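Notes follow once the structure below has been shown.
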Amino acid sequence: MYPSILSFPEGFLWGTATASHQVEGGNTNNDWYLWEQQPGRIRNGDRAGTACDWWNRAEEDFDRARELGQNTHRLSLEWSRLEPRPGEWDTSAFARYRQVLAGLRQRHLEPMVTLFHFTLPIWVAERGGWMNPETISLFSRYVEHVVRELGDLVTLWCTINEPVVYAYQGYLRGIWPPGRQSFPEAVRVLRHLLLAHGEAYRLIHALQGEAQVGLVKNMMYVEPWRPDSWLDRKWAGFMNRLYNELSLIAVTEGRFLPPLGRATVPKLIDSIDFLGVNYYTRALFGVDKRRWMNSLNPRLNTAGIISDYEYGEVFPEGLYRILKHVQRCGKPIYITENGLPDADDDLRPYFILTHLQQVWRAIQEGVPVRGYYHWSLLDNFEWSEGYRMRFGLIEVDFATQRRRVRRSGRLYAEICQTNAITPELVERYAPEAMEAVFGARLPSAVKEMG
Ligand code: BGC
């Protein structure tokens, strides 16, 4: 039996996510800034530059988010602004973030704050960044200052954004700073990030009793590239463990397992109040005997629906399966990112509706999903892809800073406002999603059933 309406739980959080360097503009004191100055690092020679100019005008976009019915926003703080030199705290940067967070609250947008989203102050990077174990204590000192200064405005904290993605892109693929290609280094960085999470978790709780602290984990739905190959099946299992599982085991059971090492880390036991799930795509892994490194790179199912520049396959069911899987953490779950690059917005309505249907399905089966953050509120600086990938519900013209709400932005607004998805809504925005969301039935049939 298909439902005639998909209703979400009362109090469900509906929002969007952003990250400091991708939207603020004017961040010239972090490792990404230096990276962007090097020829060939960023697609089309783009640089973050002014980005969405949020350092000056975030509030205008908060107004838009509010008008679009959202009740929360996830953003990150820029460590390089708050601590521009070792142990020196920039009071004007703290004041600006106070304004930004208060601005969210005034608009009834519950802030969710990420403490590390890929960018390091130059001085931390110069000391070896996350390769250096000292960064763990530097990070704790920064977190302590942040919680003391801004904690009255925030209860939802994310410590580290996507530790595996960070280690993979910067230390294995080498396409993000510091551009290394070394498996042992990637593993070491991942270990340090997880340890930093554990320290931050304890610290935040010591300073703020009511805090809710989570780790944000990118989860790929992993399958073998050639399902009939025994080797690919084994390999996909290994990559799934490496990519998805090890960090979760670390922050719940407090255990490092190979290749992270073999150790029990008491500070990591039960060190999340919630799990943040970033879900974008299905990934196929297979063994490439000729070019070994290729085996580490996810492949796309080319028979599927693919988003701009082959960013990913649109595979909504993967989100459901992941949610069912991570339910075993026994913690509330926020979908802290989910989205796609889609400049002409022809896939996004379908993407939103079908992914939310899978979220709804998981909730029906008891998975405690508390909120959903679409990536992103507006087009922004997409790391090494520069500005060509457009993830926004709102389109940005970066030459003029003009905004235009995309159709998908209005669709998402209707969902946020009604806390539900109806067949009528699907028919209006993406009739092609009707079958996936409500079964093959037409809306008229639903009405007849009354
Ligand atoms: C990151 C974002 C990024 C998004 C889209 C996530 O991995 O957290 O910073 O923009 O994916 O690629």
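Just so you know, these numbers come straight off a predicted model, no measurement behind them. Ligands are counted one by one from 1 in listed order, and the atoms in each one are counted from 1 as well.
Among protein residues, Gln22, His117, Phe118, Asn161, Glu162, Tyr280, Tyr311, Glu337, Trp375, Glu382, Trp383, Phe391 come within 4.0 Å of ligand 1, judged on heavy atoms.
Checked against the 6.0 Å centroid criterion, the rings of His73 and Trp54 qualify as a close aromatic pair. The aromatic ring centres of Tyr372 and Phe8 sit 6.0 Å or more apart.
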Going through the checks in order, is the side-chain contact (heavy atoms from CB on, under 4.5 Å) test met by Thr50 and Phe398? CA-CA 8 Å; Thr50 311; Phe398 289 98; over 6 Å; no

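For Phe139, the ring pair (Phe, Tyr, Trp, His ring centres under 6.0 Å) partners two or more places apart in sequence, or in a different chain, are Trp79, Trp130, Tyr142. Listed by chain and residue number, nothing satisfies the ring pair (Phe, Tyr, Trp, His ring centres under 6.0 Å) test with Phe94 (two or more places apart in sequence, or in another chain). By the ring pair (Phe, Tyr, Trp, His ring centres under 6.0 Å) test, Tyr171 pairs with no residue at all, sequence neighbours left out.
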